[in-house]
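Report on the structure given below.
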Amino acid sequence: MDDLTPIPASELAAAGMPTEEQVMEALKVVKDPEIPVNVVDLGLIYGVDINPDGIIDITMTLTSVGCPVQDLIRADAEMAVSRLDNVNQVNVEFVWTPAWGPDKMTEDGKRQMRMFGFNL
C-alpha cells in the first residue's frame, strides 16, 4: 500500500479479504521450534496490514536477534496466511524495536510456557 491510510474493514470484506482476526488465527499454527508456543501467543506479531489486492503484510519480531530459525518461521507464517481465501501474497518483515520480552505474551501463552516448566 502506497499511503498509510488504513483501508476500512467494509472495503476489505467487500473484496473478500480475510479479517485481521482471521490472519492472527491462521498464524497460531506457526511456532518457534525452540519454544512450544505459537507466535501469536508469544506476542511476536506486531502488525497485520491487509490490502484489497490480496497482499498481506505482517510485521513481527523474534525472541532474539540472530534467531537461527528466522527463515523457517518466515516460511511457516507465509504459508499459513497464504492458505486464507483471496490472499495472493504474504510479506513478513522482522523488526527489532520494540524489543520482545515476556510481557508481550498473551495470558494463554504464559500459561502454556508454565505448563512446559518455564518460570513466568
Side-chain angles (χ1 to χ4, degrees):
M1 197 160 108
D2 293 327
D3 64 38
L4 298 177
T5 307
I7 297 170
S10 59
E11 186 178 330
L12 292 172
M17 294 305 301
T19 63
E20 182 175 345
E21 292 78 20
Q22 290 170 317
V23 171
M24 294 294 277
E25 191 63 33
L27 287 168
K28 286 186 177 183
V29 302
V30 180
K31 294 185 179 180
D32 181 326
E34 299 173 334
I35 302 173
V37 179
N38 69 69
V39 296
V40 174
D41 287 327
L42 277 173
L44 300 178
I45 307 301
Y46 285 177
V48 173
D49 291 317
I50 303 165
N51 299 298
D53 56 359
I55 299 173
I56 310 285
D57 294 317
I58 300 166
T59 304
M60 66 182 294
T61 194
L62 297 169
T63 56
S64 66
V65 176
C67 176
V69 292
Q70 177 175 336
D71 291 338
L72 175 65
I73 292 172
R74 177 192 313 270
D76 287 353
E78 290 172 349
M79 187 180 333
V81 175
S82 69
R83 291 180 176 146
L84 296 172
D85 289 342
N86 300 315
V87 173
N88 299 317
Q89 181 179 336
V90 180
N91 303 310
V92 175
E93 178 186 5
F94 290 106
V95 297
W96 307 109
T97 53
W100 178 85
D103 60 304
K104 298 202 181 321
M105 295 175 68
T106 66
E107 286 305 313
D108 193 42
K110 291 175 184 177
R111 182 186 57 75
Q112 292 174 58
M113 292 289 281
R114 286 191 293 271
M115 286 176 38
F116 285 101
F118 291 89
N119 241 348
L120 294 177

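The first residue of the sequence shown is numbered 1, and numbering continues consecutively from there.
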Discussion item. With a 4.5 Å cut-off on side-chain heavy atoms, are I35 and M113 touching?
Written reply: yes
Would you be so kind as to tabulate the donor-acceptor pairs closer than 3.5 Å made by side chains of residues 92-103, with sequence neighbours excluded?
unit_1	atom_1	unit_2	atom_2	d
W100	NE1	L42	O	2.6

Worksheet entry | Residues N38, L27; criterion side chain to side chain contact (heavy atoms under 4.5 Å, CB included); working and verdict | CA-CA 8 Å; N38 69 69; L27 287 168; over 6 Å; no
Practice prompt. Check whether any side-chain N or O of D32 sits under 3.5 Å from a backbone N or O of E34 as a donor-acceptor pair, and report yes or no.
Written response: yes
Worksheet item: In terms of hydrophobic clustering (I, L, V, M, F, W, Y; side-chain heavy atoms under 4.5 Å; direct or indirect links), are M79 and M60 co-clustered?
Response: no
Worksheet entry | Heavy-atom closest contact (A26 atom, A80 atom, distance) | O-CB, 3.5 Å
Discussion item. I'd like to know whether V23 forms a side chain to side chain contact (heavy atoms under 4.5 Å, CB included) with V87, so could you lay out the CA-CA distance, the side-chain angles of the two residues, the decisive distance to 0.1 Å, and finally the verdict.
Written reply: CA-CA 10 Å; V23 171; V87 173; over 6 Å; no
Discussion item. List the residues meeting side-chain contact (heavy atoms from CB on, under 4.5 Å) with D108, not counting sequence neighbours, and say none if there are none.
Written reply: D41, T106, R111, Q112
Worksheet entry | Non-hydrogen atoms of P33 and V69 that approach each other most closely | CD-CG2, 3.8 Å
Worksheet item: Which pair of heavy atoms, one from N88 and one from D53, lies closest together, and at what distance?
Response: ND2-O, 2.9 Å
Practice prompt. Locate the shortest heavy-atom distance separating M17 from I56; write the atom from each residue and the value.
Written response: CE-CD1, 4.0 Å
Worksheet entry | Set of side-chain contact (heavy atoms from CB on, under 4.5 Å) partners for Q22, sequence neighbours left out | P18, T19
Worksheet, complete the sentence: Distance col, row E78:CD vs N91:CG, nearest 0.5 angstrom, shows 7.0 Å
Worksheet item: Between I58 and I45, is any pair of side-chain heavy atoms under 4.5 Å apart?
Response: yes
Fill in: Side-chain heavy-atom pair M24, K28 within 4.5 angstrom cut-off
no
Worksheet entry | ILVMFWY cluster, V29 and F116 together (side-chain gap under 4.5 Å) | yes
Worksheet item: Are V81 and I55 in one and the same hydrophobic cluster, where Ile, Leu, Val, Met, Phe, Trp and Tyr link if side-chain heavy atoms are under 4.5 Å apart?
Response: no
